[in-house]
A.B. asks: 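Please see the structure below; I have some questions.
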Amino acid sequence: MAKNTYDSKAIEVLSGLDPVRKRPGMYTDTSCPNHLIQEVLDNSVDEAISGHCSNIKIKLQKNGLIKVSDDGRGMPVDIHPEHKVSGVELILCKLHAGAKFSGEEYNFSGGLHGVGVSVVNALSESLQVNIKRDAKEYEMKFKNGDKQNELKVVGEVGARNSGTTIKFKPNSKYFESEEIKVKELKHLLKAKAVLCPGLTIHFNNERKAEKIKWYFENGLKSYLEEASDGIDLILEESILSSKDSDSQEVEFVVNWSGRPPKNKLDETYVNLIPTSQGGSHLNGFKSGLLEALKEFCEYRSLIPKGLKLNADDVLNNAIFVVSSKLQNPQFAGQTKERLDSKDHMSFVSSSTKDILSIWLNTHTEEGEQIAELAIASAQARAKASNTVERKKTFKGPALPGKLSDCNSEDLNKTELFLVEGDSAGGSAKQARERSFQAIMPLRGKILNTWELESEEIIKSQEIKNLSTAIGVLPGNNDLSGLRYGKICILADADSDGLHIATLLCALFLRHYKSLVKDGRIFIAMPPLYRIDCGKEVLYALDEKQKDDVVKGFRNKKGKPKINIQRFKGLGEMNPSQLRETVMDPNTRQLVRLSVSATDNANAMMDLLLSKKNAPARKEWLEKKGSLVRI
C-alpha cells in the first residue's frame, strides 16, 4: 500500500553499482548471460581496433566461470588523481567511467557509455581481473560487485608481456536462464574476427570439449563467400568497398541471388558491435543502393510505367554485411542493438550511392540482372497489395496510426490486443506473433460509456480509433466488417489496470452486445508476481496465488532461495515474459466476457459506473473494499 505522505525522506539515491542491480534490464539483456560476455569482449576488441591487441581468448569453463583474455595494453593500474583509487577499480566499480569519452585513447570504440564491464561486475557472483603491464602482474577480486581486496602485485612478467584477463561467474538470479547461447556466441566471435583484420580469436568450450580459432585475411569478402555456400549468386565477384573520413568509416560487401535466399546474410555492425535492429547505417546503405539502382534504371528506361521501386525490392534477393566505424556513435540503449547517429546515415548513403553508381555503369550486364530482380520484386509487391491486402474497415477512414496490424485475414485466427499505454504497447509489439496478433495501445482510462448513447461516444477520439480498428461501429449489430476474431483486453494487474479493464468491459457490454454474444471479447490475465526458485520460474495472478507458490517452493528439501518480483505494470515485463504469460496461446490465460440471464450484469455495472448510484457504490465499497487484495 503506497504512503499518503510524500517528502524528501522518500527520495532514494542509488550509488555505485546499485542502479544495475535494481534494474538490470536497463543495462543488459536479462534473458541469458551472453551480453555480459559481449561487454567484456568489446573492451578487448577496442584494443584490437586501436592496434594494441592481436589475440583474444574466450573460455567457457566447466565450473560455470567465463574467462576473457587479451594481449592488449592492460587496464590502468595507477591511482586516479581525482578519485584516489586505481584505474582498475574505477572501471569495474563505477558507472560511466572509461577512457573512451574523449576519443584520445580510442579513435573508434564500442564502449561509449562507460558502463559495460562495471555491469558485468555488478551482475556476477564473482569476478577476478588480472592485468599484465610494466613487467608485473596485478590481481583484484570482487564478489557480487563488491571489492574483496585491493589491487596487488602477484608476480612478474616479461617487459613486452601485457594484457587483461577477466574471469567471472554470472549471478543466476538476474537472468531468466543461466545457460549461454553458444551458437550465437560463436557467430559473434567469428564476426569480430572478420571485421578486424589481423585479430585472432580463440574459443575454448570446456563444457563441450570444443576449440575453434578464427582469423580472416580477406575480411568481409571471405565471410560472405563462406556464408553464401550453396546459394546461387549472380555476381562472380561480390561488390566490396569502403570509404572513410576523419571521424567515420563504412565498409560493405553485397551480392544477389537469383531467388530470395533461405538463410539470408544481412548483418550490420558499428565499431564491431552487432546491431541486430539496424539503424542509421543500415538505412543509409538501403537509401544509397536504391538511389544508385533507380538512377541506373531510369537512364536505360528499364522500369515499367507506373511501377515504383523501394529499398526492400533492391535488397529482397541480396546478401550483405555493413560495417561502420565512427567516433561518437549514438545507440538507442546500453544493449546497442540500433544505431541512432543521424549524421552517419547521410555519410553511408552518399558513399554507397557513389560506389554503386560507378560499379553499375562499369558492369552494365550484371547491373541489368540486379535491376530485373528488383523490378520483379516490385511487381510482385504491387500485385500482392491488390489481391492479398489486409481487409480494411467499414469502407471508412484509414486505420489508426497507433494500430500495429497483423497479416492474416482469417477471423478464426486473428486477435486484437487493446493494451494500456504506449510503454506496454511497445513490449506487446515485440512479444506478439505478427502473423495473427495486432496491437492497439490506449491512452489511459477511456470514457465511461455506460450511461451514454452510441451516437455520443463516437465523438471520443480514442473510441473512434478503437471502433475503426475493430471494423464495427458502436451500437451496430452488423459484424460483416469485423476485422478480428478475438478482441483481448490487456491491462495491468493493479487497481488502475482493473479500472481500465472495467471501463472497456462496459463499452462492449453496452455498445457492442453482438460481439459479446458472439464470444469475441476476452480479458487477458497478466501476472502480478514472478517467483524464482533455482531454475524454476512461476507466475502468480494475485497475492493468494503468490503465497501458495512460495509455500510450495519452501516445502522442497533444503532451504531454497526464493526471489519474488512484483510487476508494476506490463511495461516492466520484458517481451519474452509478456509473450509467455499473456500472448502465447499455449501458456496464456484468457477469460471470455460472457453474460447469462442469471448474471445480473447490468445491475452490477450500474453499481460500479452509474453516476446516480454514487451513494450505493460508496456503501458497497465500505462493506466490500477490504476484501480486495492487489
Side-chain angles (χ1 to χ4, degrees), residues 391-403 405 411 414-421 425 438-492 495-524 591-621:
K391 180 170 47 179
K392 298 299 179 186
T393 60
F394 39 90
K395 296 181 181 178
L399 294 174
K402 286 195 173 184
L403 172 68
D405 209 354
L411 273 187
T414 53
E415 302 175 348
L416 171 65
F417 282 83
L418 305 176
V419 185
E420 174 191 345
I439 306 296
M440 176 80 177
L442 302 174
R443 293 186 303 172
K445 296 179 175 67
I446 68 162
L447 180 70
N448 180 356
T449 62
W450 185 248
E451 293 182 308
L452 301 176
E453 296 299 322
S454 297
E455 294 79 8
E456 188 176 353
I457 69 168
I458 200 66
K459 295 176 184 177
S460 163
Q461 187 62 48
E462 196 74 12
I463 292 174
K464 183 179 179 181
N465 289 343
L466 194 153
S467 302
T468 304
I470 292 172
V472 180
L473 284 167
N476 190 348
N477 292 323
D478 181 10
L479 301 184
S480 61
L482 182 64
R483 304 183 72 249
Y484 305 98
K486 288 181 180 176
I487 298 162
C488 308
I489 299 168
L490 178 54
D492 290 346
S495 54
D496 278 341
L498 294 177
H499 188 187
I500 291 170
T502 302
L503 290 171
L504 285 166
C505 286
L507 171 69
F508 290 116
L509 287 168
R510 174 78 171 80
H511 303 280
Y512 290 94
K513 291 179 182 177
S514 54
L515 286 177
V516 176
K517 289 179 181 178
D518 210 28
R520 300 289 187 181
I521 310 299
F522 295 81
I523 296 92
V591 176
R592 192 191 302 270
L593 180 62
S594 59
V595 179
S596 66
T598 58
D599 280 343
N600 207 14
N602 286 345
M604 177 55 70
M605 282 299 185
D606 273 334
L607 177 64
L608 292 175
L609 299 173
S610 175
K611 292 181 181 179
K612 64 185 178 184
N613 276 347
R617 183 160 54 248
K618 180 180 178 182
E619 182 183 351
W620 179 76
L621 286 170

A.B. asks: Give me the atom names and distance for the closest heavy-atom approach of Leu515 to Leu479.
C.D. replies: CD2-CD2, 3.8 Å
A.B. asks: To the nearest 0.5 Å, what is the distance between CG on Leu490 and CZ on Phe417?
C.D. replies: 6.5 Å
A.B. asks: Should Leu403 and Arg483 count as side-chain neighbours, where that means a heavy-atom distance under 4.5 Å?
C.D. replies: yes
A.B. asks: Hey, which of Asn476, Leu473, Leu507 is the one that makes side-chain contact (heavy atoms from CB on, under 4.5 Å) with Tyr512?
C.D. replies: Leu507
A.B. asks: At their closest point, which heavy atom of His511 faces which heavy atom of Glu453, and how far apart are they?
C.D. replies: CE1-C, 3.8 Å
A.B. asks: Rounded at 0.5 Å granularity, tell me how far CZ in Arg510 sits from SG in Cys505.
C.D. replies: 15.5 Å
A.B. asks: Grab the two heavy atoms, one from Ala438 and one from Tyr484, that are nearest each other, plus how far apart they are.
C.D. replies: CB-CE2, 3.6 Å
A.B. asks: Identify which one of Ile487, Leu504, Ile446 satisfies the side-chain contact (heavy atoms from CB on, under 4.5 Å) criterion when paired with Leu466.
C.D. replies: Leu504
A.B. asks: Begin from the C-alpha positions of Met440 and Asn465 and carry the test side-chain contact (heavy atoms from CB on, under 4.5 Å) through to its verdict.
C.D. replies: CA-CA 9 Å; Met440 176 80 177; Asn465 289 343; 3.6 Å; yes
A.B. asks: Do the non-hydrogen side-chain atoms of Ile500 and Asp492 ever get within less than 4.5 Å of each other?
C.D. replies: no
A.B. asks: Say whether, by atom type as modelled, one donor and one acceptor occur between the side chain of Arg520 and the main chain of Gly485 under 3.5 angstrom.
C.D. replies: yes
A.B. asks: What is the minimum heavy-atom distance between Gly425 and Val419, and which atoms define it?
C.D. replies: N-CG1, 3.7 Å
A.B. asks: What's the spacing between Lys513 NZ and Asp518 CG if we round to 0.5 Å?
C.D. replies: 15.5 Å
A.B. asks: Measure the spacing between CD1 of Ile489 and CG of Leu416 and express it to the nearest 0.5 Å.
C.D. replies: 10.5 Å
A.B. asks: Roughly how far apart are Glu462 CD and Leu418 CG, rounded to 0.5 Å?
C.D. replies: 9.5 Å
A.B. asks: Taking the side chain as every heavy atom from C-beta outward, state whether Asp478 and Val472 have any pair of such atoms under 4.5 Å apart.
C.D. replies: no
A.B. asks: About how many Å separate OG1 of Thr502 and CG of Leu509, when rounded to the nearest 0.5 Å?
C.D. replies: 10.5 Å
